[in-house]
Amino acid sequence: MQIRALLRQAVTLLKDHGFESPRLEAELLMMHVTKLNKVQLITRDHEELPALDETVYRALLEQRLQGQPIAYIVGERDFWNLTLKVSPDTLIPRPDTEILVEKALTLIKCNYCRDVLDLGTGSGAIILSLKHDAPEIRASAVDISPAALAVAAENAARYNLEVSWYCGSWFSPFMQPQNAAGATKDKASSSPYTFNIRGGAAAAQGEAIAQFDLIVANPPYIEEGDPHLKQGDVRFEPMGALVSGQDGLSDIKLIVHESRAFLRQGGYLVLEHGYNQGEAVRHLLQTVGYVQVETLRDYGQNERVTLGRALS
């Protein structure tokens, strides 16, 4: 069958199933199967698709019609200036998170932030975007999932970006528990990459052994039982990276309260949060002594990123 005819069928099916961008998604799947870019797809759409490729395309289309996120189907997503590998072990990077990246880059350039920490890095989207555009920073990133860190490390290798990866819960890799034995390799992971572990998820208390000029995070912030969890792509994404207690603020509260010990004088904390959580996050930052607190709006004009500075 001709590429154009197959695309027409796919667009019709996607539209009938209620997808918002049927033409774009049909083309993305076709480019993935054929390895053609957008221009080539337009100029060569009269060509016959080999039978095997047609079979593969129809199978991928069926996955999408069943609701599987297209980013997981093709295995990657564009974010900022990068094309990143994603998997069901990571969240799918979204355009609104670029608001955080843009602000963080401004802070790096204007305030000489050199040591930067990304909490809950997932695919590495935030820290790799920062390192790519500001190669002078010393970049570190944490995630509790070794599988997610393996994806992030692959993305770093693709662009030859140097990041120190740590496996643990939020700040735990940078706490020194009373009985800690120091950094070790992640022997439990089947990944070819190794990650530092200092204390791991169990290090709930301890002394801070590292400090940073800038801490960024896109933590879980959806409320338990939110109906959106049963809709769209989020149905297939890791729940642990999405849901955070009854009010959606459990992880943000923890990060805000613990972050002061890990920031140098004058350092910044920058957090992504839910569209309706701006006021609550500003209050949290101010309560623990952050100053110059402000909230930025996303592309839909929702409050999305809040930051504060540690000056005392």
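- In plain terms, the two heavy atoms of Gln2 and His46 that are nearest each other are NE2-O, 2.9 Å.
- In terms of heavy-atom proximity, Ser87 sits nearest to Val151 at OG-CG2, 3.7 Å.
- Using a 4.0 Å cut-off between charged nitrogen and carboxylate oxygen, Glu54 and Arg58 count as a salt-bridge pair.
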### Task
For side chain to side chain contact (heavy atoms under 4.5 Å, CB included), just list the numbers for Gln211 and Asp115, CA-CA rounded to whole Å, side-chain angles, deciding distance to a tenth of an Å, and then say yes or no.
CA-CA 8 Å; Gln211 287 192 313; Asp115 289 300; over 6 Å; no
Expected list for residues 99-106: side-chain donor-acceptor pairs under 3.5 angstrom, two or more places apart:
residue	atom	partner	partner atom	Å
Lys103	NZ	Glu294	OE2	3.4
Thr106	OG1	Glu102	O	3.1

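- Remark: the backbone N or O of Leu84 is not paired with any side-chain donor or acceptor of Glu76 at under 3.5 angstrom.
- Taking every heavy atom of both residues into account, Pro219 and Trp170 meet most closely at CB-CH2, 3.8 Å.
- A salt bridge links Lys85 with Glu154; the closest basic N to acidic carboxylate O contact falls under 4.0 Å.
- Closest approach of Ile92 to Arg94, counting heavy atoms only: O-NH1, 2.9 Å.
- No continuous path of hydrophobic side-chain contacts links Ile42 to Leu6 [ILVMFWY only; heavy atoms under 4.5 Å].
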### Task
Output, in order, the C-alpha distance, side-chain angles, deciding distance and verdict of side-chain hydrogen bond (donor to acceptor under 3.5 Å, both in side chains) for Asp78 and Thr83.
CA-CA 4 Å; Asp78 289 340; Thr83 297; 2.6 Å; yes
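- In summary, Glu162 and Lys131 do not engage in a salt bridge, as defined by a charged side-chain N under 4.0 Å from a carboxylate O.
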### Task
Would you check, one step at a time, whether the test side-chain hydrogen bond (donor to acceptor under 3.5 Å, both in side chains) holds for Thr97 with Glu272?
CA-CA 7 Å; Thr97 303; Glu272 181 172 335; 2.7 Å; yes
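- For Tyr57 (side chain) and Ala26 (main-chain N/O), a donor-acceptor pair under 3.5 Å exists by modelled atom type.
- Applying the 6.0 Å contact sphere to CD of Glu136 captures more than 12 heavy atoms from other residues, nucleotides or ligands.
- Counting heavy atoms of neighbouring residues, nucleotides and ligands inside a 6.0 Å radius, atom CD of Gln265 exceeds 12 of them.
- In terms of hydrophobic clustering, with Ile, Leu, Val, Met, Phe, Trp and Tyr side chains grouped at heavy-atom distances under 4.5 Å, Tyr275 and Val293 are assigned to different clusters.
- Electrostatic pairing of Glu279 and Arg282 does not count as a salt bridge here, judged by no charged N lying under 4.0 Å from a carboxylate O.
- Aromatic ring centroids of Phe262 and Phe171 lie under 6.0 Å apart.
- Between Tyr268 and Tyr290, a ring centre-to-centre spacing not shorter than 6.0 Å is recorded.
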#### Entry: Worked verdict on Ser164 versus Ser140 for side-chain hydrogen bond (donor to acceptor under 3.5 Å, both in side chains)
CA-CA 5 Å; Ser164 296; Ser140 300; 4.6 Å; no
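- A salt bridge does not link Asp96 to Arg297: none of the charged nitrogens lies less than 4.0 Å from a carboxylate oxygen.
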